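Report on the structure given below.
Because the structure is predicted, anything quoted here is derived from the model rather than measured. Chain letters run A, B, ... following the sequence lines, proteins first and then strands; every chain starts at 1.
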Amino acid sequence: MKHHIQDLLTRAIEQLQQDASLPAELSSDIQIEHSRGRGKEHGDYASNIALMLAKAARCNPRQLAERITDALPQSSQISRVEIAGPGFINFFVTSNAFQQIVVDIHNAGEAFGRSTIGNGQVVQVEFVSANPTGPLHVGHGRGAAYGAAVADLLVAAGFKVHREYYVNDAGRQMDILAASVWLRYLEQCGEAIVFPSNGYRGDYVRDIAATIHNAHGNTLRHPAQAVMENLPADANKDGSGGDKEAHIDALIARAKQLLGNAHYRTVFDAGVDTILHGIREDLEMFGVVYEAWFSERELVESGAVERAIERLKKSDKLYERDGAWWFRSSQYGDEKDRVVVRENGETTYFASDIAYHMNKLERGFERTIDIWGADHHGYVPRIKAALQALGEDPKTLDVLLVQFAILYRGGEKMQMSTRSGEFVTLRELCDEVGRDAARFFYVMRKCEQHMDFDLELAKSQSNDNPVYYVQYAHARICSVMRQQQEKGLDWQRDDGFANLEQLSEPHEQALMSRLSRYPQVIENSALNHEPHQLAYYLRELATEFHTYYNAHQFLVDDSAQRNARIALITAVGQVLRNGLALLGVTAAETM
RNA sequence: GCGCCCGUAGCUCAGCUGGAUAGAGUGCCACCCUCCGAAGGUGGAAGUCACAGGUUCGAAUCCUGUCGGGCGCGCCA
């Protein structure tokens, strides 16, 4: 319908241009919007085209609007056109054209709302990608819910989507995890260990240690004294005293030395594998699935990082200083140059990430989307710089930054830190509030908005959480259909289609109008990466259904009216299911 | 200090590629089921769109500055 009106306006303006009553070089995208005004006073669709073109046409907007409407071709789908306010053109759609949406929804079913606007373009979406140093917590949950929704929306909009989790299973943080696990293991063997301030303190580290102890007994045991002697001093809690980084690095070196490669690997792998397995399970439970889990370690071992560095060296994008290799990112808009190879010969996380993004392009993705926590925003310029330095177009990469979910427990802000082990896990959250509530709640806000997440409120299962409201609308529709069967009233879909002119109540008109907007909502949500638009839409649709439900009986004696109304509400049910599915929320038949 | 994000009803947030009287949920007040599920509906009160300038027919929306909050500014990831 929107495109139809757009077409009518285009033809009207071309007509005026031929009459030379409008400048020929005039060009403007014709924007059609659903009217926002209360009730129907502003019609069903509106265009501000006359306001947009008034200046170029050198006449006042209202006069221009009149000339445009005079030139509009006739359409069987438009009942009336009005000029209002400063020069808006309001279109009133015939009720026949409106009712068609009910038939369309039934015919398309699950496919209703999908489009081909993405044109099969291949887009890779990387999200969550939390380091496997601990279980996912509620902060990761937001990225997971958001990323999954964006990916599903893109699929609905006709893109070909490849979802990927980048596993940082190489590098220093993983060594710190391995050292932490080993020290807990030694404790369980009875050694008196002073745990490093920089180690991972969560209970899950003890669990992994216990598993190792069960499997390997004391074979990995070394005396505490041998482990701890001659280490650089650790820092105190307040940061004073020794160097915590030097301390933990020395501890890692000591672990490798005492255990030897094979045994160190045993501890290391036990840590990564256990945690990664947990993360996969948690995401699966959360309804988030990936096409691929991409291992940083495999990237390094394949030589891709080395190749990336060589490629940059060859084109003089790297230089040596203070024993390290630096990337000239400041030449591409970054604040300063960045190290890719450390003085000790180890490559940095950044080096891996350059290789990873190079690899994405080599795999043929036309567009890539990275979804990161907002604390990484300073990282965007350097990764775009790297793409540019490699001769790639940085615009093919969209980085979406998800702000933190600030946790409250009963109005009190909670501090979270993976290292200290004080955090609420995603699993705990879902156990408490349910997966559906969590998924919906997370995408209610646009990603750059800070989010307050009060656990007590979410746990209370109160009506504050709008997911129940939307699900209830769906359950109610299902309930009506159960009643229809129990009462032995028959429901003939085709008879309903044939009697859609019965749907003349304002509530019914409002619902059909809302339903007709759904495809546009999907398109906007997908292209703008804004699942919250869909969440809001679903709540509005649910509201209009509940209002209708309270105002009118559906299971009436008049079969023509009954079938028409059931056709309408089952169409509503279909759209609720389609929309909730895209957000990863179930549409239960009973609650 | 520099950079990014945010500031809209008591609270949580939509609206931001400039357009019509700034919306919703929640909370508060008053109502509505002998009727398909009251996890619902109807009505009401509630706003200097942080502040100050600017751009123009028109600014919550764009520009500049100020204030307030969050985050970042490692040879960590």
Side-chain angles (χ1 to χ4, degrees), chain A residues 29 31 33 35-38 41-42 46 48 51-52 54-55 60-61 84-88 90 129-131 133 168 170-174 176 198 245 296 321-326 335-336 338-350 352-353 373-381 401 403-404 406 411 444-454 457 461-473 475-484 486-487 489 528 530 532-533 535-536 539-540 542-543 545-556 562 565-566 569 590-591:
Chain A
D29 286 337
Q31 296 292 327
E33 299 299 333
S35 293
R36 296 179 215 164
R38 296 180 231 287
E41 59 183 305
H42 292 151
N48 64 352
L51 295 160
M52 303 291 291
K55 185 173 280 182
N60 85 46
F88 289 98
N90 293 330
S129 299
N131 290 349
T133 54
N168 292 116
R172 184 164 166 267
Q173 293 302 323
M174 300 311 303
I176 295 177
N198 219 11
E245 306 291 354
E296 181 188 3
R321 194 181 77 201
D322 304 331
W325 283 91
W326 299 69
E335 291 171 0
K336 50 179 282 194
R338 310 287 176 177
V339 170
V340 289
V341 185
R342 296 207 274 162
E343 193 180 6
N344 66 8
E346 285 182 42
T347 57
T348 60
Y349 170 87
F350 180 45
S352 293
D353 228 4
D375 54 333
H376 287 68
H377 71 254
Y379 203 77
V380 178
L401 299 169
Q403 291 290 333
F404 282 167
I406 303 164
M444 277 292 290
R445 286 151 187 77
K446 58 185 175 187
C447 67
E448 64 264 34
Q449 180 66 249
H450 301 271
M451 185 166 99
D452 288 347
F453 202 131
D454 190 326
L457 193 68
Q461 296 242 350
S462 72
N463 307 340
D464 296 339
N465 196 326
V467 67
Y468 293 114
Y469 182 79
V470 178
Q471 286 179 314
Y472 180 46
R476 250 185 169 173
I477 292 163
C478 296
S479 177
V480 171
M481 297 313 286
R482 285 192 295 272
Q483 282 290 321
Q484 167 259 320
E486 279 171 28
K487 290 184 176 175
L489 296 164
N528 297 320
E530 291 182 342
H532 76 274
Q533 288 191 28
Y536 273 84
R539 202 174 60 183
E540 285 158 3
T543 298
F545 169 75
H546 286 308
T547 303
Y548 180 39
Y549 178 95
N550 271 56
H552 296 286
Q553 194 81 9
F554 310 144
L555 301 178
V556 292
R562 182 177 67 241
R565 287 183 171 176
I566 292 179
I569 65 166
T590 59
M591 298 183 69

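With rounding to whole Å, A:Y469 atom OH is found 7 Å from B:rG40 atom P. Between the P atom of B:rC75 and the CG atom of A:N344 lies a distance of 12 Å, rounded to the nearest Å. Whole-Å rounding puts the A:N48 CG to B:rA20 P distance at 10 Å. Regarding A:H450, its NE2 atom lies at a distance of 8 Å from the P atom of B:rC6, rounded to whole Å. Atom C1' of nucleotide B:rG40 and atom CZ of A:R539 are separated by 15 Å, given to the nearest angstrom. Put simply, OH on A:Y549 is 8 Å from C1' on B:rG40, counting in whole angstrom units. Counting to the nearest Å, the P atom of B:rC75 and the CD atom of A:E343 are 11 Å from each other. Computed from coordinates, the A:F453 CZ to B:rC13 P distance equals 12 Å when rounded to whole Å.
Within 4.0 Å of A:Q403, counting heavy atoms only, lie sugar-phosphate atoms of the nucleic acid but no base atom. Here A:D353 lies out of heavy-atom contact (under 4.0 Å) with every strand. Within 4.0 Å (heavy atoms only), A:Q553 reaches at least one base atom of the nucleic acid. Nucleic acid contact for A:T590: base, since at least one base atom lies under 4.0 Å from a heavy atom of the residue. Looking at heavy-atom distances under 4.0 Å, A:T547 makes contact with sugar-phosphate atoms alone, never a base. Within 4.0 Å (heavy atoms only), A:H377 reaches at least one base atom of the nucleic acid. Residue contacts shown for A:M451 are limited to sugar-phosphate atoms, with no base heavy atom under 4.0 Å away. Within the nucleic acid shown, A:F350 has no heavy atom closer than 4.0 Å to any nucleic acid atom.
Between A:A374 and A:G171, the residue anchored nearer the 5' end of RNA chain B, judged by the nucleotide with its closest heavy atom, is A:A374. Nearest-nucleotide assignment on RNA chain B puts the 5′-proximal partner with A:R445, out of A:R445 and A:H552.
The base-pairing partner of B:rA14, taking Watson-Crick or G-U wobble contacts with both distances under 3.5 Å, does not exist among the strands shown. The pairing partner recorded for B:rU42 is B:rA30, the criterion being a Watson-Crick or G-U wobble arrangement whose two distances lie under 3.5 angstrom. Nucleotide B:rU64 forms a pair with B:rA52, judged by Watson-Crick or G-U wobble geometry with both contacts under 3.5 Å. Of the nucleotides present, B:rG70 is the one that pairs with B:rC4 by Watson-Crick or G-U wobble criteria, both distances under 3.5 Å. Base pairing of B:rG47: no nucleotide in any strand meets the Watson-Crick or G-U wobble criterion (both distances under 3.5 Å). Under the Watson-Crick or G-U wobble criterion, with both distances below 3.5 Å, B:rA22 has no partner in any strand shown. Using Watson-Crick or G-U wobble geometry with both donor-acceptor distances under 3.5 Å, B:rA59 finds no partner in any strand shown.
Closest to the side chain of A:D452, from the set B:rG37, B:rU12, B:rA77, is B:rU12. With B:rA77, B:rA14, B:rG3 as the candidates, the nucleotide lying closest to the side chain of A:Y349 is B:rA77. Among B:rC76, B:rG37, B:rC5, the nucleotide with an atom closest to any side-chain atom of A:M591 is B:rG37. The side chain of A:A46 lies closest to B:rA20, out of B:rA38, B:rG15, B:rA20. Distances were taken from every side-chain heavy atom of A:H532 (C-beta onward) to each of B:rA14, B:rC73, B:rC75; the shortest belongs to B:rA14. Of the candidates B:rA39, B:rG40, B:rG37, B:rA39 carries the atom nearest the A:Y468 side chain, counting heavy atoms from C-beta on. Nearest to the side chain of A:Q449, among B:rG7, B:rG40, B:rG74, sits B:rG7. Picking from B:rG37, B:rC73, B:rC5 the nucleotide with the shortest atom distance to the side chain of A:E335 gives B:rC73.
For the pair A:L489/A:Q483, no side-chain contact is recorded, criterion being any heavy-atom separation below 4.5 Å from C-beta on. In this structure the side chain of A:R562 never reaches within 4.5 angstrom of the side chain of A:F554, judged on heavy atoms. Side-chain contact between A:N198 and A:E245: present, with at least one pair of heavy atoms (C-beta onward) separated by less than 4.5 Å.
For the pair A:R476 and A:Y549, the cation sits on the ring face: its NZ or CZ lies under 6.0 Å from the ring centre, inside 45° of the axis.
Residue A:R476 places at least one side-chain N or O closer than 4.0 Å to OP1 or OP2 of B:rA38. Contact annotation: A:Y379 side-chain N/O to B:rC73 OP1/OP2 distance is not under 4.0 Å. Considering only side-chain N and O atoms, A:R342 lies under 4.0 angstrom from the phosphate OP1 or OP2 of B:rC76. Dashed line: the shortest gap from a side-chain N or O of A:Q471 to OP1 or OP2 of B:rA39 is not under 4.0 Å. A:K336 has no side-chain polar atom (N or O) that falls below the 4.0 Å cut-off from OP1 or OP2 of B:rC2.
Comparing the same atom, C1', in B:rG1 and in B:rC62 gives a spacing of 28 Å after rounding to whole Å. Nucleotides B:rU66 and B:rG27 have their C1' atoms positioned 34 Å apart, rounded to a whole Å. Only the P atoms considered, B:rG10 is 13 Å distant from B:rC51, to the nearest whole Å.
Between the side chain of A:W325 and the backbone N or O of A:R342, no donor-acceptor pair lies under 3.5 Å.
With hydrogens and angles ignored, no donor-acceptor pair closer than 3.5 Å exists between the side chain of A:D375 and the base of B:rA77. Residue A:H376 places no side-chain atom within donor-acceptor reach of the base of B:rG72, judged by atom type and a 3.5 Å distance cut-off alone.
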query = Can you list the steps and then say if A:Y349 with A:Y379 is a ring pair (Phe, Tyr, Trp, His ring centres under 6.0 Å)?
reply = CA-CA 11 Å; A:Y349 170 87; A:Y379 203 77; 5.8 Å; yes
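For the 3.5 Å distance criterion, the side chains of A:N168 and A:Q173 fail to qualify, holding no donor opposite an acceptor.
Salt-bridge check for A:E530 with A:R445: failed, with every basic side-chain N at 4.0 Å or more from each acidic carboxylate O.
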